[in-house]
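Below is one structure, written out as structure tokens; comments come after it.
When reading the values below, keep in mind they use all heavy atoms of this one structure, side chains included, and skip hydrogens, waters and symmetry mates. Just so we're on the same page: letters track the sequence lines, and every chain starts at 1.
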Amino acid sequence: MTDPEALPSPAGWICTVCGAGVPPGDGQSGPGSCVACGADPQAIEIAAAILLVAGRGAYEDLSKLLAGDDAPKGRILDLTGDAALSRMLERAAGYRAGRIVRQAAGDTGTTPAGPFRLPVEDATATFDHLLLRNLLFCAEDPWAVVDEIARRLAPRGTFVLQEIFPWPIPAITAESPPGEDGVARTRPVSGGVRYPLRFEIGADVIDRFASWGVMAEFYRPGLALDPAYRRAVLVGERS
Amino acid sequence: MSEPPATLAHPAVMNRPPELSFAGMCTMCGNKGTFSGVRSPSRESFPCPSCRATLRYREQAGAILSVFSHGRSHFLDHFRHQPECQRLAILEAAIRGPFIRRFKDVPGYVRSYYFEDAVPGETRDGVICQDLERMTFADASFDLIITSDVMEHVFDVDAVIAETARVLRPGGAHIFSVPMVFPLRPGSTARARRGPGGVEHLAEPRYHRSGLDEPSLVVTDFGADLAARHAERGLRARFHRSMPLTAVLNGNAVVVARRPLQ
């Protein structure tokens with residue numbers, strides 16, 4: 001019997017950022033990084049989610065979306081910190097990138113970040129598209145983060161939030177228990193940085209968004225193609 | 001309307017040797033295995049080795065899970081037993097297909113079909129006669145409406161969109177498959193229309209098999225304007241892709257048209 005994990009990818013992975021072909025990743029469990037634009041698998045996944053909610057699924061990659069008539073014309077705030085995404089999205093009018101300052105696990109002598117606030121001028125319905133990464137699990141109050149995302153979305157605005165959600169996703173969001181050794185757990189994000197794992201995000205995050213009139217869902221762009229796939233991107237659109 | 005059974009391959013791909021195999025998971029039954037099929041038309045190919053659901057049905061299952069499972073189910077045979085599914089009011093316009101046996105135990109699941117010799121609203125063998133252009137259901141009756149390769153056969157697409165917008169609850173979704181080519185054409189093309197003397201053909205007639213195994217005329221070849229046509233009637237539509245990361249299979253999509261929450 002053929003080992004499903006050993007089969008090749010379905011005729012090649014593509015980069016949803018630039019459209020180039022992408023070699024398989026380690027263990028062939030999904031795409032690797034794009035040689036053409038430098039997008040890593042996480043950026044490729046975020047781009048797939050952007051294409052779904054901001055591009056309405058009508059385009060194969062961001063370069064085509066941005067060159068087409070349906071290119072996002074509103075205010076885009078990118079807080080993913082991803083260089084490949086930023087290079088591509090800079091083509092869109094209204095694009096701006098920023099960074100969220102958070103306390104990395106193990107830092108000492110610093111004050112833990114307060115409730116998440118977007119690092120831009122304070123106003124409701126500010127953005128048409130919000131691109132976010134690694135926010136909820138490490139937040140002191142994940143509901144404050146959800147509320148802030150929803151509050152800042154303009155009517156019909158969309159958001160994309162990528163992070164490592166639990167598998168399977170529990171019904172209720174709960175504080176993450178400490179590790180077996182009693183030490184608070186952390187989670188690697190990028191560049192060797194680890195953030196504290198404070199919460200296991202549950203399905204009730206969908207209901208919290210709904211209370212703001214935001215239709216949110218977990219999008220799993222690799223689920224049908226990879227038996228080992230465990231990730232998800234939280235996406236949503238404001239009514 | 002057209003509703004080939006999930007277990008029967010499309011005539012265009014029958015008897016053709018597989019061109020491609022890949023490892024994956026069936027979003028219908030959860031089987032993890034090898035999916036083999038032909039590149040074009042791939043939507044009618046790559047049957048699940050366990051439940052035989054072809055790609056387009058699995059695309060629909062993936063979209064249903066994305067919209068309604070709150071991330072808690074990864075295949076439909078798991079989701080259908082969950083409270084999130086059991087409390088849904090579901091309308092499926094079909095008399096056969098893979099969703100029927102999966103949703104038949106959901107209390108709010110009803111099926112419809114357009115029987116030309118029945119009165120709309122009349123039930124026949126558990127299936128309600130409905131004209132999708134003029135449904136008899138009350139406003140905001142359903143959370144989920146499923147149609148599989150039906151929309152390309154209706155004569156007044158905009159009337160059907162308006163009706164689905166009317167009978168969907170806030171947050172509800174019409175999740176449907178239609179044949180499409182990618183990259184998407186900008187606009188839809190009418191292949192036929194109703195005229196004073198009957199059907200007027202605007203292109204060479206093309207037929208699919210209906211749920212009653214009769215020829216069913218293809219009326220429209222759809223394009224990207226489907227999203228705008230839904231928006232004009234208050235629905236947010238997108239082309240949901242379950243396999244956006246691959247070069248061959250990313251062209252498959254189903255349409256998810258949601259009624260906003262507010």
Side-chain angles (χ1 to χ4, degrees), chain A residues 2-16 21-22 28 30-31 44-45 47-48 51-53 55-60 64 69-70 156 165 167-171 202-207 210 213-215 217-227 229 232 234 237-239, chain B residues 19-27 32-35 39 42 46 55 58-59 61-62 65-75 83-84 170-171 173 182-184 186 223-224 226-227 236-251 253-256 258-262:
Chain A
T2 307
D3 177 7
E5 307 276 358
L7 284 168
S9 61
W13 303 103
I14 59 167
C15 175
T16 51
V22 175
Q28 297 193 344
I44 289 172
E45 196 166 75
L51 292 166
L52 180 75
V53 294
R56 303 257 156 231
Y59 296 87
E60 288 85 352
K64 293 186 179 69
D69 295 336
D70 301 322
R156 304 180 69 104
F165 294 101
W167 179 279
I169 289 176
D204 51 349
V205 70
I206 304 292
D207 301 324
V214 176
M215 297 186 292
E217 61 192 80
F218 290 97
Y219 180 45
R220 301 185 186 277
L223 182 65
L225 291 165
D226 177 7
Y229 187 83
L234 188 59
E237 178 178 4
R238 187 163 189 171
S239 296
Chain B
E19 298 167 358
L20 180 66
S21 294
F22 67 91
M25 193 196 79
C26 175
T27 49
K32 294 180 178 178
T34 303
F35 298 81
R39 294 166 187 260
S42 59
F46 297 97
L55 205 52
R58 301 207 304 275
E59 287 279 346
L65 294 169
S66 189
V67 173
F68 291 103
S69 82
H70 287 198
R72 290 176 50 73
S73 296
H74 312 121
F75 54 96
E84 292 88 351
F182 282 87
L184 286 168
L226 256 181
R236 310 278 175 84
R238 67 173 193 247
F239 302 93
H240 185 99
R241 303 186 191 217
S242 296
M243 302 181 176
L245 309 182
T246 79
V248 172
L249 304 176
N250 73 331
V254 294
V255 179
V256 175
R258 293 193 75 175
R259 180 173 169 180
L261 288 167
Q262 298 171 347

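Only the backbone of A/Tyr59 comes within contact range of chain B, with heavy atoms under 4.5 Å apart. Interface residue A/Ala171: backbone and side-chain heavy atoms are both found under 4.5 Å from chain B. With a 4.5 angstrom heavy-atom cutoff, A/Ala232 does not touch chain B via any of its atoms. Contact annotation for A/Val205: neither backbone nor side-chain heavy atoms come within less than 4.5 Å of a heavy atom of chain B. Proximity to chain B involves both the backbone and the side chain of A/Arg156, based on heavy atoms less than 4.5 angstrom apart. Heavy atoms closer than 4.5 Å to chain B are found in the side chain of A/Ile206, but not in its backbone.
Counting heavy-atom pairs closer than 4.5 Å to chain A, the top-ranked of the candidates B/Thr27, B/Val256, B/Val67 is B/Val67. When each of B/Pro260, B/Ala237, B/Ser66, B/Gly62 is scored by its heavy-atom pairs under 4.5 Å with chain A, the top score falls to B/Ser66. Taking B/Arg258, B/Arg259, B/Arg58 one by one and counting their heavy-atom pairs under 4.5 Å with chain A, the maximum is reached by B/Arg258. The candidate from A/Glu60, A/Glu45, A/Arg238 with the greatest count of non-hydrogen atom pairs under 4.5 Å with chain B is A/Glu60. Of the residues considered (A/Pro170, A/Gly222, A/Ala47), A/Pro170 shows the highest number of contacts with chain B, using heavy-atom pairs under 4.5 Å.
Using a 4.5 Å heavy-atom cutoff, the side chains of B/His74 and A/Leu223 are in contact. Between B/Arg241 and A/Leu52 the shortest side-chain heavy-atom distance does not fall below 4.5 Å. Side chains of B/Leu245 and A/Asp226 form no contact here, defined as non-hydrogen atoms less than 4.5 Å apart.
Considering all non-hydrogen atoms of both residues, A/Ser239 and B/Arg236 come closest at C-NH2, 3.3 Å.
Of the possible polar contacts, none joining the B/Thr246 side chain to the A/Ile14 backbone as a donor-acceptor pair under 3.5 Å is found. Checked by atom type and distance alone, the side chain of A/Arg220 pairs as donor or acceptor with a backbone atom of B/Gly71 at under 3.5 Å.
Under the 30°/60° scheme for interplanar angles, the aromatic rings of A/Tyr219 and B/His240 are found to stand perpendicular.
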